[in-house]
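Working notes, structure below.
Proteins get letters first, then strands, A, B, ... in listed order; numbering begins at 1 in each.
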Amino acid sequence: MSDAQVTGETTERNLVETINETLAAEMRTDDTVRLLGYDIGPIGGVYRTTEGLIDEFGDERVIDTPLSENGILGTAVGMAMRGERVVPEIQFMGFFYPAFGQFMYTLVKMRERSGGAVDVPLTVRMVCGGGVKSSEYHSESTESYLVHTPGVRVVYPSGPREAKGLLAASIRHDDPVVFMEHKKLYRTHREPVPDEEYTLPLDRARVAREGEDVTVVTWGAMVREAEQAADAVDADVEILDLRTLSPLDIETVLDSVKKTGRCVVFHEARRTLGLGAELTAVVNEYAFDRLLAPVQRATGYDVHFPGNQIEGEYLPDAQRAKYAIEAVMGYEF
Amino acid sequence: MALWSEERPSEDFYRVLAPDGTLVGDPPDLDDDELRELYWTMKLTRAFEDKALRMQRSGEVSIISRCRGEEATPLGAAAALSPGDWCFPLYRQRSGLVYWGVPLDRQLANLMGAEPETIDDHLPLDDATEPPVNFSPGYVPLGANLPNTVGSALTDKLNDRDTVSLTFVGDGSTSQGDFHDALNFAGVFEVPAVFICQNNQWAISVPAHRQTASETFAEKSDAYGVPNERVDGNDIFAVYEKATEAVERARNGEGPTFVECVTYRIVEHNTADEPSVYRDEEQREYWLERDPIDRYEAYLLAEGVLTDEDIDAMEDEISEEVASAVAAARDVPESAPHRMFDNHLRGESWNESHQRAELERELDGKNPFVDWTGEGFE
């Protein structure tokens, strides 16, 4: 990772283990960190991200709630207004929408409306993404709804190593954060994670791979697909892992695209008004005369998430990324 | 033109002071100064809001929702709090804010549309002006305050503090999901919260009987295991007493309480509203006879706590206080346009710095759209 100053011992970890251990570490160092959500207590989360935490920290730090996303978020905002670093969990992004009122009315606006007098230092853990043969309501990637809204950071790790530093930074940050956890990443991938404590910036993209011919801008579960695509194409591919979707690290995107002259935006979310639309517009506005080809979006289709027999055909993957890279490489004016 | 019918709510509720100012129950244990302060607060609130209404008519204030005729409910509730407690108001609880000294000039500057940062710059709070009770920003999306209040109260409970969080809900906003979430969470976690239902019987143009088939709003909290009271909301003693009991219950670790205060919105919803379009304004007569200030004044005069001369003197003082707030609010300069960017996220993102620069150029009469590289204008 390009900005890693982290050295020393590492341990192989998957995302579930990393989230679990990072939550525990933050709870040990800061008594105001409390978890709020349903199924986070004795069962340890439906994906086991909070396993064992109620045993170590008790039911006043790991708080199972009634089944209401809006109640969870509204209560968490009230706790955060009083200085608690609450970490509410939204079990599935597809169930987030009842909480959209609290998100829009209080979470994103409290600081601005109070002239900076009232902070909401919470971190909403948002379980998202498809590809695990789950139901359509359990597979959504609707981060555009969040990113369209000012006043909240949206953070999206691509794997365990990133997740550790980003989650610690999110919990410690005084701004409200939505921390996206792609459920397919939970257990499919292990990598060495530094044992020592570290944070990563909440406004900087990571150059996941350097290259000269084409920039692939992506995040979350698509980063590894992009890497596979890069291995398979006849081009020198630069991959940007955005890590933070709001605020966007536009400087890094423009620097890269100006260098390569070609850009593919690759995301799991639907295409229309997906973040690819914004990134394409920014590249168009500020790097137009460096472009050797139109910006190409490789994304999910503009449909509701399909049933699990055909979700593989919906989901962008290394093959779709490869096609997009080949298309921009082959473009001729 | 079709008008709504109105259903007068049952007066089978807790009442201490009858509409004519006579006692029908035991008054709360308040000394003469405290009794006069309650009266002063209602009068000041009414004078302030009437002035704001006139300023709206002349274009200085964009919009105002008055609590005229309802002053006893937010006042009696807020007066039950102690320094250090938390209050989460909507926009029709001004008497509660006035009681705890939320500065009138800051309130008025807000009504005049100043950005909060501009108000802080020109009318800063200091140790002398900071209200001893913590007030959240007023909530406009009704009901959104309620789960936040539960969170605030839960925080105090989990930290073993005896602080109380008190909030308000209208008759209309009991129909919001937030109301049910909040009551449910409050009951489950037994939080030290007090919910005051300011039932003024109208949600803009929709009457209370269109909000619920329940006989009372109070009984709604039964389903959540939250005890409730129902009081005459125009009776300052009744509201104060039941709110005080609720606050004490909360402070003693006995959990939340829901208090329905029956009042009536005798005026417009806000300055963009004309009630005669949808309701029979003759109903107002019935409620004007139940005005919270008139009945309380009659009581204080009869008890010798106030004289007519006292009232005259108070009215002069109130006029001066309102005039001084108006002058101070008018002295707040127009907010600088770039204030719109303040206090969103910490640090300055690429987008924020570019958009700030675009705005500055536009304000300078320059074309903001000439930065073709994203590297700045120079």
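- Between atom CG of residue A/L202 and atom CG of residue A/D249 there is a gap of 12.0 Å, rounded to the nearest 0.5 Å.
- Chain A forms more heavy-atom pairs under 4.5 Å with one residue of B/I119, B/D156, B/T149 than with any other, namely B/D156.
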Is there a side-chain contact (heavy atoms from CB on, under 4.5 Å) between A/V265 and A/L275? Walk through the geometry before answering. CA-CA 9 Å; A/V265 187; A/L275 206 46; over 6 Å; no

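- Within the 4.5 Å cutoff, side-chain heavy atoms of A/M110 are placed close to those of A/M81.
- Proximity to chain B is limited to the side chain of A/R34, based on heavy atoms less than 4.5 angstrom apart.
- Proximity to chain B involves both the backbone and the side chain of A/D174, based on heavy atoms less than 4.5 angstrom apart.
- Comparing B/A144, B/S349, B/G177 by how many heavy-atom pairs each has under 4.5 Å with chain A, the most go to B/A144.
- For A/V108, no part lies near chain B; criterion is any non-hydrogen pair under 4.5 Å.
- The backbone N or O of A/S170 lies less than 3.5 Å from a partner atom in the side chain of A/T123, making a donor-acceptor pair.
- Of the residues considered (B/V191, B/N351, B/L345), B/L345 shows the highest number of contacts with chain A, using heavy-atom pairs under 4.5 Å.
- Within the 4.5 angstrom heavy-atom criterion, only backbone atoms of A/A287 (N, CA, C, O) approach chain B.
- Separation of atoms CD1 (A/I171) and CG (A/D30) is listed at 9.0 Å; rounding is to 0.5 Å.
- Interface with chain B: from residues 57-75 of chain A, residues A/E60, A/I63, A/D64, A/T65, A/P66, A/S68, A/N70, A/G71, A/I72, A/G74, A/T75 qualify, criterion being any non-hydrogen pair under 4.5 Å.
- Only the side chain of A/Q102 has a heavy atom closer than 4.5 Å to any heavy atom of chain B.
- One finds the CD atom of A/Q91 at 4.5 Å from the OH atom of A/Y38 (value rounded to the nearest 0.5 Å).
- Judged by distance alone, with hydrogens and angles left aside, the side-chain atoms of B/T373 form a donor-acceptor pair with the main-chain N or O of B/E375 at under 3.5 Å.
- Annotation: maximal heavy-atom pairing with chain B below 4.5 Å, among A/A80, A/G116, A/A76, occurs at A/G116.
- Proximity of B/R94 to B/I64: side-chain heavy atoms (C-beta onward) are separated by under 4.5 Å at one or more points.
- Between chain A and the residues B/D371, B/V140, B/D342, the largest count of heavy-atom pairs under 4.5 Å involves B/D371.
- Inspection of the A/R82 and B/S152 side chains reveals an N or O donor paired with an N or O acceptor under 3.5 Å.
- When heavy atoms are compared at a cutoff of 4.5 Å, B/S165 approaches chain A solely by way of its side chain, counted from C-beta outward.
- Atom NE2 of residue B/H354 and atom CD of residue A/E285 lie 10.0 Å apart, to the nearest 0.5 angstrom.
- With a threshold of 4.5 angstrom between heavy atoms, B/E115 approaches chain A through side-chain atoms but not through N, CA, C or O.
- Proximity to chain B is limited to the side chain of A/K258, based on heavy atoms less than 4.5 angstrom apart.
- Ranked by heavy-atom pairs under 4.5 Å with chain B, the first of A/R153, A/E112, A/R111 is A/R111.
- Looking at heavy atoms from C-beta onward, B/L142 lies in side-chain contact with B/Y91 at the 4.5 angstrom threshold.
- A side-chain donor from one of B/S175 and B/Q211 sits under 3.5 Å from a side-chain acceptor of the other.
- With a threshold of 4.5 angstrom between heavy atoms, A/E251 approaches chain B through its backbone and through its side chain.
- Interface summary for chain B: among A/V152, A/T32, A/V282, the most heavy-atom pairs under 4.5 angstrom belong to A/V152.
- Heavy atoms of other residues, nucleotides or ligands lying less than 6.0 angstrom from CD1 of A/I43 number more than 12.
- With B/Y139 as reference, B/N148 is the one residue of B/N148, B/D178, B/L146 to meet the side chain to side chain contact (heavy atoms under 4.5 Å, CB included) rule.
- Counting heavy atoms from C-beta on, the side chains of B/L123 and B/V332 come closer than 4.5 Å.
- The choice from A/L248, A/T106, A/V77 that makes the most heavy-atom pairs within less than 4.5 Å of chain B is A/T106.
- Top candidate by heavy-atom pairs under 4.5 Å with chain A, chosen from B/G347, B/P147, B/A182, is B/P147.
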